[in-house]
Amino acid sequence: MLNLIKIKGQKKEDAANANGKPPAKKQSPGELRLHKDIAELNLPKSTKISFPNGKDDLMNFEVTIRPDEGYYVGGKFVFTFQVPPAYPHEPPKVKCKTKVYHPNIDLEGNVCLNILREDWKPVLNVNTIQPNDEDPLNHEAAAVLRDNPEKFERNVQRAMAGGYVGETHFPRCM
């Protein structure tokens, strides 16, 4: 009996291949959920999503943000998302490819948000990942923002223009 089922499955695969179609790849539950989450994204015009490895690899994508207000207006910031197969039970890994002077992003591009670590819950999705000022990774930038917002704004502008903040050089991202 098992042999008949195996033969029937092989015939279906052979028929699909004969029609010029490759056998369909079965999506994992994480891929199905991510597909739904991406379809439901309501991105502003200043934010774009792309799939560097092609649309077949939903689990790795980039988000480009061009803020149209706030300290970072005029900048262009690229973030990579690596979504684990166990998504949504495990959070995506988010990294900033653009070197930026920001309280939640260190100089290696690591993004520090509680929601990406201990506060992650399966009911959350990629749409809920947004920076906040209560979870700093770059403590120096966070302190300047808290204590001297005007200096913080000057530092952000200098960094985005391709200058130095303290001893650290930032490539132009405007």
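Just so you know, residue 1 is the first one in the sequence shown, and it goes up from there. Treat the numbers as computed from the prediction; the structure is a model and nothing was measured.
Looking at Lys36 and Glu40, a side-chain N of the basic residue comes within less than 4.0 Å of a carboxylate O on the acidic one, giving a salt bridge. Ion pairing between Lys95 and Glu108 fails under the 4.0 Å rule for side-chain N and carboxylate O.
Counting only heavy atoms from C-beta outward, the side chains of Asn60 and Val83 never approach each other to under 4.5 Å. When side chains are defined from C-beta on, Val100 counts as touching Phe77, because their heavy atoms get closer than 4.5 Å. Counting heavy atoms from C-beta outward, Glu31 and Met59 have side chains that approach closer than 4.5 Å.
Put simply, the side chain of Asp106 gets close to the backbone of Asn110: a donor and an acceptor are under 3.5 Å apart. A distance-only check finds no donor-acceptor pair linking the side chain of Thr64 to the backbone of Val78 [under 3.5 Å]. Proximity of a side-chain donor or acceptor of Lys99 to a complementary backbone N or O of Cys96 within less than 3.5 Å is not detected. His169 places a side-chain N or O within donor-acceptor distance of the main-chain N or O of Gly162, the cut-off being under 3.5 Å. Of the possible donor and acceptor atoms, none in the side chain of Lys76 sits under 3.5 Å from a partner among the backbone N and O of Pro67.
Between Phe170 and Tyr101, the ring planes lie perpendicular to each other; the angle is over 60°, past the 30° to 60° tilted range.
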Could you walk me through whether Glu62 and Lys48 pass salt bridge (charged side-chain N to carboxylate O under 4.0 Å, His left out), step by step?
CA-CA 8 Å; Glu62 291 183 352; Lys48 304 284 183 234; over 6 Å; no
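For His102 and Tyr72, the ring centers sit closer than 6.0 Å to each other.
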